[in-house]
Amino acid sequence: MTRFRSALAPLAIALIGLTAAPQPSWAAPPKPVPSAAQEQQVTTASTCAPTVQAATTNARLTSLFTTYGNDNSRLDDWTGADGTYSLKLPGGKELWVFSDTFLGKVNPDGSRPPVVEEGGSTVFLNNSFAIERDGRLSTIHDGTAAKPAAVMPPRDENHWFWAGDATLAGGVVEVTYQEYERFGTGAWDWRWHRNVVARFAPGRLEKPLSVHDLPSGHGVSWASAVLKDGGYTYVYGVEDLGSPKYMHLARVKGESLLGSWEYRKADGTWSPNEADSARVMSGVANEYSISKVGSGYVLITHDTTEALSPNIVAYSSCSPSGPFTGKQHVYTTPETGGNIFTYNAHAHPDVKGNGLVVSYNVNSFVNTDHYRDVSIYRPRFLDVTFQ
């Protein structure tokens with residue numbers, strides 16, 4: 001089994017909740033936030049809860065990534081990826097943060113060669129960056145043009161990093177990553193291992209300045225979403241049991257994720273002990289977003305209450321801590337069907353669009369589909385408007 005299959009295929013299955021890695025003893029269920037605490041906040045939710053008005057294709061970003069992905073002027077750059085986080089950099093540039101990434105050429109018929117591990121010329125990396133400036137994209141990877149490497153390199157062939165959300169702290173880029181590890185020879189013998197944050201200089205993004213451990217002792221991947229609000233940096237995570245998946249919430253005072261963390265407890269207060277982190281809600285995907293819209297906060301996620309769901313939904317709250325209620329339908333992804341599925345919708349509040357820009361990923365259960373049609377493994381972009 002190739003490295004491509006061992007990384008990409010398990011990711012696809014994990015994200016839609018068909019299976020889950022074996023759960024260690026710390027996965028015993030924490031108590032949910034009490035309904036009384038939820039009801040107290042929900043009574044005022046209508047005063048700040050945006051209502052979804054429409055979701056339409058973002059033509060600019062769709063065209064930008066299609067044109068760039070098909071451009072063969074360089075053969076060590078992006079032709080497709082998933083993950084699709086973003087961060088506004090000093091000077092106005094946009095950093096696009098990707099997980100599993102294809103680099104190489106696109107054939108005239110819209111196909112791509114197989115990956116190197118399968119005898120082709122396409123390079124497959126578990127993470128990469130792209131920079132957007134003045135309507136143009138460029139790919140960032142470590143290594144060389146002849147032998148590209150991930151910007152966040154693994155320790156060995158049995159480990160790899162998938163990217164999470166990112167933030168700026170004192171001009172330094174901080175990107176959350178989840179490390180996964182293989183523990184056997186079977187196709188599904190892999191599991192989440194730990195969380196880290198990598199710090200990058202905005203002008204030198206090929207490799208991190210430093211890498212630091214993040215809290216990882218209780219089965220929560222702290223990489224789903226990051227939000228700065230009210231002097232805190234909120235970090236949203238997921239407790240992934242396959243189905244269901246639960247939101248967890250932590251926060252750090254100030255901008256840097258290297259500060260002292262505290263965790264949202266079942267009674268709505270905060271604790272410095274990760275073991276006190278409560279399940280805020282179920283139904284979120286591994287990647288989602290919390291964005292400030294008007295006077296409220298909007299959660300965008302794929303609906304994981306449904307298996308293989310094509311539906312992107314929104315919840316709202318008056319607080320970045322939730323509760324997030326009032327589930328609204330945002331969009332049904334037209335690509336879903338047959339071998340093709342979609343996943344991990346989330347917003348890009350700093351990206352210019354006609355409303356709140358939302359991306360989602362497209363994938364296939366059939367490995368060769370990624371070679372047959374390059375458009376499958378590329379993000380799609382929406383403009384979501386509210387009233």
Side-chain angles (χ1 to χ4, degrees), residues 41-42 44-67 82-88 92-97 132 134-135 137 165-167 224-230 234 236 247 281 283-285 287-306 309-336 342-362 375 378-387:
Q41 297 185 51
V42 169
T44 60
S46 61
T47 64
C48 59
T51 300
V52 174
Q53 183 176 42
T56 57
T57 298
N58 182 299
R60 183 188 75 83
L61 289 170
T62 299
S63 175
L64 178 68
F65 278 89
T66 298
T67 301
D82 73 351
T84 323
Y85 284 100
S86 64
L87 179 67
K88 185 70 72 178
K93 295 183 292 185
E94 195 75 38
L95 174 66
W96 293 95
V97 180
E132 179 188 351
D134 299 328
L137 288 168
D165 206 354
T167 189
S224 300
V226 176
L227 171 70
K228 290 179 180 176
D229 188 81
Y234 291 86
Y236 300 84
M247 175 195 288
M281 64 180 289
V284 295
E287 299 176 11
Y288 54 89
S289 62
I290 311 294
S291 306
K292 188 74 179 291
V293 176
S295 59
Y297 299 82
V298 172
L299 161 63
I300 298 288
T301 183
H302 251 83
D303 189 356
T304 62
T305 66
E306 307 168 348
S309 178
N311 293 315
I312 299 171
V313 295
Y315 300 82
S316 59
S317 175
C318 292
S319 164
S321 304
F324 294 92
T325 60
K327 183 177 181 179
Q328 302 177 67
H329 177 264
V330 174
Y331 189 74
T332 299
T333 58
E335 298 84 2
T336 304
T342 58
Y343 57 104
N344 282 350
H346 50 74
H348 304 266
D350 293 333
V351 177
K352 186 177 181 180
N354 181 27
L356 183 65
V357 173
V358 170
S359 67
Y360 63 92
N361 299 319
V362 183
S375 70
R378 289 177 177 172
R380 307 312 199 252
F381 296 93
L382 305 171
D383 288 321
V384 180
T385 55
F386 298 85
Q387 59 184 11

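Just so you know, these numbers come straight off a predicted model, no measurement behind them.
Contact of the Gln387 side chain with the Pro50 side chain is not registered, since no non-hydrogen atoms from C-beta on lie closer than 4.5 Å. Here the side chains of Tyr297 and Asp229 are in contact, with some heavy-atom distance below 4.5 Å. At a threshold of 4.5 Å between non-hydrogen side-chain atoms, the residues Tyr236 and Asp165 do not count as touching. Within the 4.5 Å cutoff, side-chain heavy atoms of Pro349 are placed close to those of Leu356. Taking 4.5 Å as the limit, some side-chain heavy atom of Thr51 sits within range of a side-chain heavy atom of Gln328. The closest side-chain heavy-atom distance from Leu299 to Met247 is below 4.5 Å. Residues Val351 and Arg60 form a side-chain contact, since some pair of their non-hydrogen atoms from C-beta on lies under 4.5 Å apart.
No more than 12 heavy-atom neighbours from other residues, nucleotides or ligands sit within 6.0 angstrom of NZ on Lys352.
Among Asp350, Asp383, Leu382, the single residue meeting the side chain to side chain contact (heavy atoms under 4.5 Å, CB included) criterion with Val357 is Asp383. Of the candidates Tyr360, Tyr85, Trp96, Trp96 is the only one forming a ring-ring contact (aromatic ring centres under 6.0 Å, His included) with His348. Put simply, the residue from Asp82, Thr84, Thr342 that forms a side chain to side chain donor-acceptor pair (under 3.5 Å) with Asn361 is Thr84.
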I would like to know whether Tyr331 and Val52 meet side chain to side chain contact (heavy atoms under 4.5 Å, CB included); could you show each step before the answer?
CA-CA 10 Å; Tyr331 189 74; Val52 174; over 6 Å; no
Please assess Phe324 against Ile290 for the test side chain to side chain contact (heavy atoms under 4.5 Å, CB included), listing each intermediate value before the final yes or no.
CA-CA 10 Å; Phe324 294 92; Ile290 311 294; 3.8 Å; yes
